[in-house]
Undergrad: 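Got a structure here, written out as structure tokens. Questions coming.
Side-chain atoms are counted along with the backbone in the values below, which use heavy atoms only and exclude waters and symmetry mates.
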Amino acid sequence: MRTGHDLELVSVTKRYPGGAVAVDGVSHLFRAGSYVCLLGPSGCGKSSTLRMIAGHESVSEGAILLSGRDISALPPAQRGTAMMFQNYALVPHLSVIDNGAFSLKMKGVEAATRRKRAEAMLELVDMQPYGQRRPAQLSGGQQQRVALARALITDPQVLLLDEPLSALDPFLRVRMRAELKRLQRELGISFLHVTHGQDEALALADEIVVMNAARIEQAGPAREVFNAPRSEFVARFMGGHNVIALPQGRFALRADAVRLAPPGAGATEAVITGLEYQGAQVALSARIAGDQELLALIPEAAFYAHPKSPGQTVNLTWDAGQLHPLKH
């Protein structure tokens with residue numbers, strides 16, 4: 001039996017009527033106190049996995065263990081988990097403080113106790129001054145903070161977050177990433193966060209679990225998954241990589257490892273197909289032998305020292321050690 005508040009999926013499958021399989025025999029151990037991002041494209045099974053952990057979807061086969069206890073058949077309120085939904089699901093006619101205390105009210109906790117606990121949670125997410133407002137009087141970021149307080153008030157062992165930042169504007173999204181990470185560190189509990197945003201996962205996660213076609217494609221520390229993708233799918237989905245076929249095999253090559261070079265040994269001839277100025281760098285798209293596309297991220301100063309144009313032939317190079325072999 002596992003110790004602590006580890007969460008473990010044991011051959012978990014979700015099969016819908018008609019035979020569609022949303023999650024196919026997934027096994028994984030989520031370590032206690034870690035921030036984990038479930039990452040993948042729409043329809044890969046990440047949200048179904050989260051909803052099964054929460055108890056909002058039934059498990060067709062397999063088991064979900066929390067602290068060594070099988071919680072697969074328990075109702076959501078008895079699992080030791082709490083879920084923050086994508087749309088926040090705040091009750092429109094209730095004040096902020098009453099929304100925060102809602103879960104405790106459903107559990108029959110007396111008014112004074114739940115109010116005191118709700119005030120503490122609102123203070124944790126910097127929303128105490130807004131306690132008497134209604135959700136419609138709050139910004140999207142403020143609504144998210146209230147939803148977080150409501151989820152945390154039950155003192156869960158694992159907080160489940162279903163694309164919690166998707167409704168926010170880009171600037172606020174970055175700010176709230178820092179807030180989520182701060183909260184997770186302060187509370188010391190596991191956060192399991194579903195997203196399809198690679199930048200979001202890299203910024204937040206201790207561990208990234210990449211899902212594809214109802215299964216886990218790769219899992220590991222964020223830097224490891226980005227720098228050492230095991231498959232073509234992971235390399236392409238994480239972004240920032242080229243996938244190229246060479247005589248010695250198929251490889252992932254980081255775009256920022258590709259450099260402009262003078263003609264000579266080791267350089268690869270390429271025709272520029274596109275240029276995109278990105279501030280600190282220029283994204284140079286080119287076509288190389290074998291009709292393969294190659295992306296190079298060139299530092300702005302290096303590019304504009306000798307600027308190039310689409311249609312121009314250039315030479316590209318990279319260190320052999322930057323080629324990462326792909327298993328499939």
Undergrad: Which distance, rounded to the nearest 0.5 Å, do you find between the CZ of R115 and the CD of E110?
TA: 12.5 Å
Undergrad: Under a 4.5 Å cut-off applied to non-hydrogen side-chain atoms, are M121 and M127 in contact?
TA: no
Undergrad: So which heavy atom on A257 is nearest to which on L253, and how close?
TA: CB-CD1, 4.2 Å
Undergrad: Hey, quick one: are I216 and L39 part of the same hydrophobic cluster, counting side-chain heavy atoms closer than 4.5 Å, chains of contacts allowed?
TA: no
Undergrad: Treat each ILVMFWY residue as a node, draw an edge where side-chain heavy atoms are under 4.5 Å apart, and state whether L192 and I64 are in one component.
TA: yes
Undergrad: Of R145, R185, R173, which meets salt bridge (charged side-chain N to carboxylate O under 4.0 Å, His left out) against E179?
TA: R145
Undergrad: Could you tell me whether the side chain of N212 reaches within less than 4.5 Å of the side chain of V210, counting heavy atoms only?
TA: no
Undergrad: Whether the side chain of D24 engages the backbone of R215 through a donor-acceptor N/O pair (distance < 3.5 Å, no angle test) should be reported.
TA: no
Undergrad: Compare every heavy atom of L295 with every heavy atom of A283, then report the nearest pair and how far apart it is.
TA: CB-CD1, 4.0 Å
Undergrad: Ignoring hydrogens and geometry, is there a side-chain-to-backbone donor-acceptor pair from D319 to G321 under 3.5 Å?
TA: no
Undergrad: Does some side-chain heavy atom of P229 sit less than 4.5 Å from a side-chain heavy atom of H324?
TA: yes
Undergrad: Hey, does the side chain of T317 reach the backbone of R259 with a donor-acceptor pair shorter than 3.5 angstrom?
TA: no
Undergrad: Under 4.5 Å between side-chain heavy atoms, counting indirect links through other Ile/Leu/Val/Met/Phe/Trp/Tyr residues: same cluster for M84 and V96 or not?
TA: yes
Undergrad: Calculate, to the nearest 0.5 Å, the distance between atoms CG and OG belonging to L38 and S48 respectively.
TA: 11.0 Å
Undergrad: Determine whether a donor-acceptor pair (N or O, by modelled atom type, separation under 3.5 Å) exists between the side chain of R150 and the backbone of A89.
TA: yes
Undergrad: Any heavy-atom pair between the side chains of H5 and I189 that's under 4.5 Å?
TA: no
Undergrad: Which atom pair, heavy atoms only, marks the closest approach of L294 to W318?
TA: CD2-CZ3, 3.7 Å
Undergrad: What do the steps show when you test L74 against R69 for side-chain contact (heavy atoms from CB on, under 4.5 Å), and what is the final call?
TA: CA-CA 11 Å; L74 295 178; R69 178 179 69 133; 3.5 Å; yes
Undergrad: Set out, in order, the CA-CA distance, both residues' side-chain angles and the distance that settles side-chain contact (heavy atoms from CB on, under 4.5 Å) for S309 and I272, then state yes or no.
TA: CA-CA 7 Å; S309 304; I272 297 175; over 6 Å; no
Undergrad: Determine whether V26 and V209 fall in the same hydrophobic cluster, where Ile, Leu, Val, Met, Phe, Trp and Tyr are linked whenever their side-chain heavy atoms lie under 4.5 Å apart.
TA: yes
Undergrad: Are T113 and K116 close enough that some pair of their side-chain heavy atoms sits under 4.5 Å apart?
TA: no
Undergrad: Treating R117 as the side-chain partner and I153 as the backbone partner, does any N or O pair qualify as donor plus acceptor under 3.5 Å?
TA: yes
Undergrad: Check the angle between the aromatic planes of F191 and Y35 and answer parallel, tilted or perpendicular using the 30° and 60° thresholds.
TA: tilted
Undergrad: Would you confirm whether Q184, through its side chain, and G33, through its main-chain N or O, come within 3.5 Å as a donor-acceptor pair?
TA: yes
Undergrad: Got L180 and L161 here, is their nearest side-chain heavy-atom distance under 4.5 Å?
TA: yes
Undergrad: Within the side chain of R250, is there an N or O that forms a donor-acceptor pair under 3.5 Å with the backbone of L326?
TA: no
Undergrad: Taking all heavy atoms of P135 and all of L90, pick out the closest pair and write down the distance.
TA: CG-CB, 3.9 Å
Undergrad: Just checking F85: does its CZ atom have more than 12 heavy atoms from other residues, nucleotides or ligands closer to it than 6.0 angstrom?
TA: yes
Undergrad: So, H28 and E207: side-chain donor and acceptor under 3.5 Å apart, yes or no?
TA: yes
Undergrad: For F237 and F233, take the angle between the two ring planes, folded into 0 to 90°, and tell me which bin it lands in: parallel under 30, tilted 30 to 60, perpendicular over 60.
TA: parallel
Undergrad: Enter the distance from L7:CG to T81:OG1 here, rounded to the nearest 0.5 Å.
TA: 8.5 Å
Undergrad: Quick one: pull up CD in Q144 and CE in M176 and give me the separation to the nearest 0.5 Å.
TA: 3.5 Å
Undergrad: Taking it one step at a time, do L275 and V282 satisfy side-chain contact (heavy atoms from CB on, under 4.5 Å)?
TA: CA-CA 7 Å; L275 294 168; V282 174; 4.3 Å; yes
Undergrad: CD/Q143 to CZ/R134 distance, rounded to the nearest 0.5 angstrom?
TA: 13.5 Å
Undergrad: Please evaluate residues I53 and L66 with respect to the criterion side-chain contact (heavy atoms from CB on, under 4.5 Å), reporting the C-alpha separation (whole Å), side-chain torsions for both, the decisive distance (0.1 Å), and the verdict.
TA: CA-CA 9 Å; I53 295 168; L66 181 56; over 6 Å; no
Undergrad: Counting only heavy atoms not in E269 (residues, nucleotides, ligands), do more than 12 fall under 6.0 Å from its CD?
TA: no
Undergrad: Same hydrophobic cluster for L104 and L159, using side-chain heavy-atom links shorter than 4.5 Å among ILVMFWY?
TA: yes
Undergrad: Does the K46 side chain pair with the main chain of P41, one donor and one acceptor, at a distance under 3.5 Å?
TA: yes
Undergrad: If you define the side chain from C-beta out and look only at heavy atoms, does anything of L122 sit under 4.5 Å from Y130?
TA: no
Undergrad: Does K181, at its NZ atom, have more than 12 non-hydrogen atoms belonging to other residues, nucleotides or ligands within less than 6.0 Å?
TA: yes
Undergrad: Quick one: are T13 and V23 in side-chain contact, heavy atoms under 4.5 Å?
TA: no
Undergrad: Hey, does the side chain of Q142 reach the backbone of S139 with a donor-acceptor pair shorter than 3.5 angstrom?
TA: yes
Undergrad: Ignoring hydrogens and geometry, is there a side-chain-to-backbone donor-acceptor pair from K14 to S60 under 3.5 Å?
TA: no
Undergrad: Does NE2 belonging to H196 count more than 12 external heavy atoms closer than 6.0 Å?
TA: no
Undergrad: For residues V258 and I298, report the shortest heavy-atom separation together with the two atoms involved.
TA: O-CD1, 3.6 Å
Undergrad: How close do A205 and A222 get, counting heavy atoms only, and between which atoms?
TA: O-CB, 3.7 Å
Undergrad: Quick one: pull up CD1 in I71 and CD in E8 and give me the separation to the nearest 0.5 Å.
TA: 11.5 Å
